[in-house]
*Asks:* 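This is the structure I have questions about; it appears just below.
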Amino acid sequence: MGLKIWLGDKLVDEADAKISVFDHGLLYGDGVFEGIRVYNGNVFELEAHLRRLYESGKAIRLEIPMDETRLADALEQTVQANALVDGYVRLVVTRGIGTLGLNPFVCENGQLFIIADNIQLYPEELYEKGMKVISATTVRNHPLALPPQIKSLNYLNNILAKIEAIDNDVPEAIMYNREGYVAEASGDNVFTVKDGAIYVPPVEAGSLGGITRGIVIRLARQEGIEVIETNLTRFDLYVCDEFFLTGTAAEVIGIVEIDGRVIGDGKPGAVTKLLREKFFKYAHGKE
Ligand code: PMP
């Protein structure tokens with residue numbers, strides 16, 4: 001038995017969840033999406049995800065074909081239909097069916113679908129020992145070419161970096177912008193710790209305004225840790241005391257090596273561990 005997929009305005013069987021080859025989401029990557037966690041049966045940070053989705057849609061002049069209340073209800077129904085307790089929801093809005101030309105306005109209606117599934121996490125061992133990464137040679141999309149705040153279906157830039165990571169036998173690659181400042185990892189945001197303070201690249205450097213990033217910044221400040229949003233160079237990554245990534249799927253994961261340089265003492269540091277724990281409690285409603 002397959003999954004129940006929300007497609008358009010109703011739940012359908014996985015086998016019937018099909019979209020047209022003329023959909024501009026497929027032809028041009030013209031669309032927006034969200035990746036959302038479900039913890040204990042609850043859709044995590046629903047409001048923040050909906051806000052980002054509608055803002056992404058507005059920025060590319062794509063009308064989300066449902067208002068927020070109905071969309072929240074569709075999400076809830078999809079989670080329940082799949083009896084999802086802890087998992088991941090992918091909410092996608094494409095430009096819809098059009099012609100072979102670029103013009104998005106020939107597409108009459110956006111196409112919306114929701115997939116609620118189990119989540120493939122990094123192995124637990126990687127959280128304990130920390131992860132190795134490399135610097136990608138692929139430069140992150142210039143923010144003036146495609147604003148990084150838009151969570152669009154156009155992930156080729158990130159995929160090129162991901163290929164570099166895989167070629168180097170590591171799970172993630174750090175992407176820099178054209179000026180050489182750190183932007184983000186291929187699917188996660190970057191944090192460093194130096195002399196007790198946390199440093200985070202600004203969104204303008206070319207990173208998505210991650211929901212997890214926002215929560216972790218808040219949790220760190222609650223702990224009395226100073227958080228500074230500033231441009232970081234490759235050198236800053238090489239000499240920091242701690243380095244970690246945040247994202248919906250990864251949550252908080254320590255980085256212990258980049259380009260062969262060992263970070264700190266080669267294990268996830270105290271601040272990383274504290275924030276991972278605080279995030280876990282927050283996500284599971286214990287704080
Ligand atoms: N950057 C990119 C490019 C991403 O795809 C993601 C994951 N959606 C993130 C950062 C992390 O964002 P969030 O915490 O909202 O998942």
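Ligands are counted one by one from 1 in listed order, and the atoms in each one are counted from 1 as well.
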*Asks:* Is NZ or CZ of Arg95 both nearer than 6.0 Å to the six-membered ring centre of Tyr28 and within 45° of the ring axis?
*Replies:* no
*Asks:* Is the CD atom of Gln120 crowded by more than 12 outside heavy atoms at less than 6.0 Å?
*Replies:* no
*Asks:* Tell me which protein heavy atom sits closest to atom 11 (C) of ligand 1, plus the residue, atom name and distance to 0.1 Å.
*Replies:* Asn189 OD1, 3.7 Å
*Asks:* Side chains of Leu219 and Phe279, heavy atoms from C-beta outward: is any pair under 4.5 Å?
*Replies:* yes
*Asks:* For ligand 1 and Lys151, I'd like to know whether there is a polar contact (N/O to N/O, distance under 3.5 Å).
*Replies:* yes
*Asks:* So is Thr248 polar-close to ligand 1, meaning N/O to N/O under 3.5 Å?
*Replies:* yes
*Asks:* What atoms in ligand 1 come closer than 4.0 Å to a heavy atom of Arg52?
*Replies:* 15 (O)
*Asks:* Quick one: does Pro148 get a heavy atom under 4.0 Å from ligand 1?
*Replies:* no
*Asks:* Counting each atom of ligand 1 from 1 as listed, which ones have a heavy atom of Ser186 under 4.0 Å away?
*Replies:* 3 (C)
*Asks:* Spell out, yes or no, whether Tyr39 and Tyr282 are grouped together once hydrophobic residues are joined by side-chain heavy atoms under 4.5 Å, including indirect joins.
*Replies:* yes
*Asks:* Could you name the option among Asn158, Thr212, Asp188 that has the heavy atom nearest to atom 3 (C) of ligand 1?
*Replies:* Asn158
*Asks:* Please list, in number order, the atoms of ligand 1 under 4.0 Å from a heavy atom of Gly210.
*Replies:* 12 (O), 13 (P), 14 (O), 15 (O)
*Asks:* Taking all atoms of both residues into account, what is the closest heavy-atom pair of Gly29 and Asn154, and its distance?
*Replies:* O-ND2, 3.2 Å
*Asks:* Charged N to carboxylate O below 4.0 Å: is that the case for Glu14 and Lys4?
*Replies:* no
*Asks:* Under 4.0 Å from a heavy atom of Ile211: give me the atoms of ligand 1 that qualify, with their elements.
*Replies:* 13 (P), 14 (O), 15 (O)
*Asks:* If we only count heavy atoms from C-beta on, is the Tyr88 to Ile36 side-chain gap below 4.5 Å?
*Replies:* no
*Asks:* Can you check whether Glu184 has an N/O within less than 3.5 Å of an N/O in ligand 1?
*Replies:* yes
*Asks:* Indicate, with yes or no, if the rings of Tyr155 and Phe33 have centres closer together than 6.0 Å.
*Replies:* yes
*Asks:* Could you work out, for atom 7 (C) of ligand 1, the closest of Ala185, Gly247, Gly35, Gly187 by heavy-atom distance?
*Replies:* Gly187
*Asks:* Around atom CZ of Arg51, are there more than 12 heavy atoms of other residues, nucleotides or ligands at under 6.0 Å?
*Replies:* no
*Asks:* Quick one: does Tyr155 get an N or O within less than 3.5 Å of an N or O on ligand 1?
*Replies:* yes
*Asks:* Quick one: does Thr246 get an N or O within less than 3.5 Å of an N or O on ligand 1?
*Replies:* no
